[in-house]
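Below is one structure, written out as structure tokens, with a few remarks after it.
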Amino acid sequence: MRYWLMKSEPDDCSIDDLAAMPQQTVAWHGVRNYQARNFMRDSMRPGDLAFFYHSSCPRPGIAGIAQVASLAYPDASQFDPASRFFDPKSVPEQPRWLNVDVRFERKLELIPLLELRRHAALAKMRLLQPASRLSITPVAPEEWQFILATLARDA
DNA sequence: GCCAACGTTGGC
DNA sequence: GCCAACGTTGGC
């Protein structure tokens with residue numbers, strides 16, 4: 001079982017939005033980066049846990065925990081011309097983009113990005129590397145444990 | 001709104 | 001296969 005960090009713009013889907021979904025589950029659609037797609041396709045498995053990170057917002061940081069709830073399967077939005085994630089170059093016979101389902105696990109008091117940066121134990125986190133823009137990144141077990149034990153408080 | 005970093009595209 | 005142009009990300 002692995003650990004992840006998944007970015008979401010709260011205007012789009014916040015941790016509260018996830019908690020309010022039917023089954024508290026959402027298809028993690030819209031990933032249009034090959035590295036992030038490959039993480040979902042090759043390494044994510046149901047039961048994996050992920051920090052739910054709020055990005056591109058006034059208070060960026062970890063807002064909760066989610067659980068991977070499915071294997072990767074074709075992302076429906078790539079075939080929907082009305083979607084902003086529509087990809088005219090992707091054909092149903094050979095879908096280019098995949099997504100997993102993600103289920104709400106728990107909400108945390110926001111752990112701000114600046115707080116994460118303060119801790120030497122987290123210095124190697126992918127999220128914290130210069131210009132790291134990947135929307136899905138692996139989290140080392142030690143990093144996961146450190147954040148849970150030291151910084152995480154239920155909200 | 002700015003801007004640096006990075007990924008993707010497409011002409012050659 | 002190179003590489004310049006362009007688009008996107010995301011913190012500030």
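Just so we're on the same page: letters track the sequence lines, and every chain starts at 1.
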Donor-acceptor side-chain pairing of A/S55 and A/E9 below 3.5 angstrom:
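No.
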Among side-chain atoms of A/D16 and A/S14, is any donor-acceptor pair under 3.5 angstrom?
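Judged by distance alone, the side chains do not pair up.
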Distance, rounded to the nearest Å, where [X] contributes [atom1] and [N] contributes [atom2]:
X      : N      : atom1 : atom2 : result
A/R126 : B/dA5  : CZ    : P     : 17 Å
A/R84  : C/dG7  : CZ    : P     : 18 Å
A/I136 : C/dG10 : CD1   : P     : 11 Å
A/L134 : C/dG10 : CG    : P     : 9 Å
A/L116 : C/dG10 : CG    : C1'   : 15 Å
A/R117 : C/dG10 : CZ    : P     : 13 Å
A/E9   : C/dT8  : CD    : C1'   : 11 Å
A/L114 : C/dG11 : CG    : C1'   : 9 Å

Heavy-atom pair of closest approach, residues A/K89 and A/R96:
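That closest heavy-atom pairing would be CB-NH2, 3.4 Å.
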Begin from the C-alpha positions of A/R32 and A/F85 and carry the test side-chain contact (heavy atoms from CB on, under 4.5 Å) through to its verdict.
CA-CA 8 Å; A/R32 296 293 180 268; A/F85 300 115; 3.3 Å; yes
Looking at the side chain of [X], which of [options] is the nearest nucleotide?
X      : options               : value
A/A131 : C/dG11, C/dG10, B/dC6 : B/dC6
A/Y34  : B/dT8, B/dT9, C/dG10  : B/dT8
A/K7   : C/dC12, C/dG10, B/dC6 : C/dG10

Along DNA chain B (nearest heavy atom to each residue), the more 5'-positioned of A/K89 and A/R133:
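It is A/R133 whose nearest nucleotide is closer to the 5' end.
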